[in-house]
Amino acid sequence: MKDGLKDGLVEEKKNIETEKIKLDKLFSVIAGCRLVAFLAAVIFMFTSIKYKSFLPFSAFVISVIVFVFLVKYHAGIDEKILALKAKSTVINRYLMRFGDEWKKFKDDGSDFLKKNSTPLIAYDLDILGPSSLFQLINVAHTDEGRKKLADSLTFARDTSLGISERYDAITELSGKKDFMLDFESTSERIVQRREKEALRNNSDNENVDSQDNENKTDDTQNSEKTSESFPFWMYLFMIIIPVINIVMIALVLSKGLNPGRILITFVAGLILTWGPQSLIESFTSSVTKYGSVAGDYYKLLSLIGNEEFKSDLLKSIHERVKGHDGLLAAIKKLGTIGSFNNISFNPIIHMVLSGFLGWDYYIALAAYKWSRKNGNVFEESIDIISDIEELQSLAVLPVIRETTRPEIVYSKDPELSMKDIYHPLLESESVVSNTSDISGALTVITGSNMSGKTTFLRTIAINMVLAFTGCPVCAKYYRMPYMKIFTSMRVMDDVSGGISTFYAEILRIKEMAEYVESDQDVPALCLIDEIFKGTNSADRIVGAREALTKLSAGNAMVIVTTHDFELCDLTIDKGAVNNYHFEEYYENNTLKFDYKIKDGRCTTRNAMAILKMAGLVQI
């Protein structure tokens with residue numbers, strides 16, 4: 001199934017590249033024609049002024065019209081090339097996700113890893129940061145969409161009340177391949193457009209890395225409403241500038257006056273238009289900020305509005321687009337204003353229109369009226385778009401991995417049932433799945449080094465994170481109670497804070513104990529890797545016994561990995577400890593692992609073999 005999808009994406013990418021080559025050639029041809037039309041206009045204008053002839057002036061006007069037409073046609077081809085490039089980029093990312101190359105994606109969510117506020121599971125389970133779940137699945141291009149995804153994956157955003165509705169929405173999106181590609185491609189086009197603008201403006205302040213998804217140009221801020229009135233003298237200039245030019249052209253044509261007089265009124269129009277430029281820019285701030293991407297936002301909202309959805313959550317988002325009074329119309333209108341404002345990027349055309357018509361005043365008036373009426377429309381639009389981005393990011397997983405719907409029960413009886421569960425961040429062709437039923441208050445997992453103990457803990461937890469966000473899980477079956485997840489895995493010291501690794505681990509386990517003792521309705525899942533490895537063996541065993549006994553006495557399921565076999569015989573109030581293990585085997589005198597969980601405690605050791613492999617000992 002996934003291979004067929006992959007082959008289809010490869011073929012689609014080839015077709016896009018073929019089409020892009022054709023358009024690139026046409027783009028070059030039209031660029032040459034534009035140059036010819038421009039040079040012709042210059043020559044005819046010079047001839048008209050020098051010989052005071054009407055015929056060259058007429059040729060000049062025709063050349064300008066042809067030039068303007070070619071500019072518009074050229075821009076249309078550029079838009080098509082940009083759209084193809086964006087879609088090719090999106091398809092390529094999906095292809096990279098089928099292997100291991102997704103770890104090259106620059107946007108890994110590291111900016112959300114804040115030391116004092118990010119849940120520890122974000123570090124321990126590779127939720128955020130390099131080689132993380134966020135890096136694998138994120139397709140959000142707005143700040144708000146990225147934040148919603150990061151918050152959902154770290155439970156900073158409560159999704160517990162709508163897990164079933166979110167699952168229906170996520171699985172529906174995963175089945176809409178064309179919608180997902182079109183939606184993300186349009187978002188990607190926004191990033192690439194900003195990249196082009198930054199290069200054009202030589203701006204070093206705008207971060208527009210297309211893979212980094214850093215289109216952070218005030219996405220979540222309201223469009224600014226212009227509070228001051230549009231000056232009356234601007235209305236006058238909008239009338240005066242084109243009128244004096246029309247009158248002068250008419251006099252030249254009818255009275256045979258020197259055509260050079262047209263140049264005088266033209267220059268006067270330029271001075272009147274470009275003189276108060278700072279004031280004009282204050283009125284066009286909304287267009288400057290959003291105008292160039294308004295057309296793409298309109299396409300994004302139209303994609304949502306034109307798509308038929310079945311799930312309740314997606315239908316509610318759809319209704320926000322279709323039911324919002326004037327939302328699409330307002331975005332479309334701003335896009336139209338923005339397209340006219342983009343003429344300013346062509347200095348020749350901008351100069352002609354400004355000198356003859358007072359062009360900038362018309363843009364300022366249109367932007368002023370739009371801002372007065374639709375000042376907050378972008379905030380609403382981005383909120384809608386970011387909701388789809390977050391759900392669509394989670395929908396990436398069932399597209400690239402074999403997944404199933406988890407079964408979540410709301411019970412205080414701690415029990416996990418898993419069939420062929422595997423880690424979503426490991427390459428699908430080589431990952432090893434596991435089947436196990438774990439119940440009881442305390443489970444001890446032993447095993448040799450590198451045999452898969454820690455990965456198994458992370459597999460349990462990261463799939464649970466996915467389940468609680470409404471996402472399908474990487475397993476054939478996974479049944480779990482709704483739980484509060486605690487982890488103690490990548491424990492690090494804090495030199496500046498005077499906290500050792502051992503004490504840092506104690507603080508984590510203390511947090512678990514405090515939650516368990518508070519007798520919350522939601523049971524705790526406490527996953528502890530190599531408990532108290534930061535201290536000597538005698539203290540470690542005594543401390544581990546006390547800590548595990550305390551944790552397992554409350555409403556919790558505790559799963560711990562250890563090399564200390566003494567913990568396998570630990571007695572707790574709720575009955576015997578469950579023992580599982582991973583082990584190694586040797587083939588042709590080579591150490592190997594099957595990464596399969598087995599009942600009972602481990603009976604093998606491999607530390608010396610690993611030391612020998614590293615060349616540190618000889619045995």
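Atom NZ in K598 sits 13.5 Å away from atom OH in Y580 (nearest 0.5 Å). Taking NZ of K322 as the start and CG of L301 as the end, the distance is 11.0 Å to the nearest 0.5 Å. Note: E429 CD to F98 CZ = 10.5 Å, rounded to the nearest 0.5 Å. Here CZ of F486 is found 10.0 Å from CD1 of I121. Values are rounded to the nearest 0.5 Å. In this structure, CG in D437 is found 9.0 Å from CG in L416, a value given to the nearest 0.5 Å. Atom SG of C474 sits about 7.0 Å away from atom CZ of R401, to the nearest 0.5 Å.
Within 6.0 Å of atom OH in Y73, 12 or fewer heavy atoms from other residues, nucleotides or ligands are found, so the atom counts as exposed in its surroundings. Remark: D158 CG is packed, more than 12 non-hydrogen atoms of other residues, nucleotides or ligands lying under 6.0 Å away. Within 6.0 Å of NZ on K333 lie no more than 12 heavy atoms contributed by other residues, nucleotides or ligands. The neighbour count for K596 NZ, taken as heavy atoms of other residues, nucleotides or ligands under 6.0 Å away, is above 12.
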Exercise. L181 and L9: side-chain contact (heavy atoms from CB on, under 4.5 Å), yes or no, with the steps?
Worked result: CA-CA 10 Å; L181 289 179; L9 290 173; 4.1 Å; yes
For this session: Start with the C-alpha gap between K299 and T186, add the side-chain angles, then the distance that decides, and say whether side chain to side chain donor-acceptor pair (under 3.5 Å) holds.
Result: CA-CA 7 Å; K299 291 174 184 176; T186 304; over 6 Å; no
Exercise. Stepwise, does the side-chain contact (heavy atoms from CB on, under 4.5 Å) test hold for T142 with Y297?
Worked result: CA-CA 11 Å; T142 64; Y297 279 114; 4.2 Å; yes
For this session: Determine, stepwise, if the pair E390 / S152 fulfils side-chain contact (heavy atoms from CB on, under 4.5 Å).
Result: CA-CA 9 Å; E390 186 247 348; S152 293; 2.8 Å; yes
Exercise. Going through the checks in order, is the side chain to side chain donor-acceptor pair (under 3.5 Å) test met by T454 and D529?
Worked result: CA-CA 6 Å; T454 305; D529 185 40; 2.9 Å; yes
Problem set entry | side chain to side chain donor-acceptor pair (under 3.5 Å) evaluation trace for S428 with R97 | CA-CA 10 Å; S428 56; R97 290 184 179 103; over 6 Å; no
Exercise. Stepwise, does the side-chain contact (heavy atoms from CB on, under 4.5 Å) test hold for D107 with F134?
Worked result: CA-CA 8 Å; D107 187 14; F134 184 97; 3.8 Å; yes
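Looking at heavy atoms from C-beta onward, P472 lies out of side-chain contact with L397 at the 4.5 angstrom threshold. You'll find the side chain of I597 reaches within 4.5 Å of the side chain of F582, heavy atoms only. Counting only heavy atoms from C-beta outward, the side chains of K87 and D182 approach each other to under 4.5 Å. Y482 is listed as a side-chain neighbour of V522, based on a closest heavy-atom distance under 4.5 Å. Side-chain contact check for F105 versus N138: every heavy-atom pair is 4.5 Å or farther apart. Proximity of I388 to L314: side-chain heavy atoms (C-beta onward) are separated by under 4.5 Å at one or more points. At least one side-chain heavy atom of I445 sits under 4.5 Å from a side-chain heavy atom of L457. Contact of the T171 side chain with the P398 side chain is not registered, since no non-hydrogen atoms from C-beta on lie closer than 4.5 Å.
Note on K476 versus D420: salt bridge recorded, some NZ/NE/NH1/NH2 to OD/OE distance being below 4.0 Å. Salt-bridge annotation for D111 and K147: absent, with no side-chain N of the basic residue lying under 4.0 Å from a carboxylate O of the acidic one. Ion pair R490/D126 flagged as a salt bridge, since at least one NZ, NE, NH1 or NH2 atom sits closer than 4.0 Å to an Asp/Glu carboxylate oxygen. Salt-bridge check for K80 with E19: failed, with every basic side-chain N at 4.0 Å or more from each acidic carboxylate O. For K315 and E172, the salt-bridge test fails: no basic side-chain N is under 4.0 Å from an acidic carboxylate O. Between R405 and D168, at least one side-chain nitrogen of the basic residue sits less than 4.0 Å from a carboxylate oxygen of the acidic one, meeting the salt-bridge criterion. Salt-bridge annotation for E12 and K177: present, with a side-chain N of the basic residue lying under 4.0 Å from a carboxylate O of the acidic one.
When every heavy atom of P424 is checked against every heavy atom of I462, the shortest pair comes out as CD-CG2, 3.6 Å. Nearest heavy-atom pair, E308 versus K176, reported as atom, atom and distance to 0.1 Å: O-NZ, 3.1 Å.
For the residue pair R189 / T89, no side-chain donor-acceptor distance below 3.5 Å is found, with atom types taken as modelled.
Looking at H74, its side chain does come within 3.5 Å of a backbone N or O of F27 through a donor-acceptor pair. The backbone N or O of V139 lies less than 3.5 Å from no partner atom in the side chain of Q392, so there is not a single donor-acceptor pair. The main-chain N or O of D383 is never found under 3.5 Å from a side-chain atom of E144 such that the two would form a donor-acceptor pair. T446 places a side-chain N or O within donor-acceptor distance of the main-chain N or O of C602, the cut-off being under 3.5 Å.
Taking the six-membered ring where the residue is Trp, F309 and F179 present perpendicular rings, their angle passing 60° and hence far from 30°.
Put simply, the residue from L425, L426, L125 that forms a side-chain contact (heavy atoms from CB on, under 4.5 Å) with R458 is L125.
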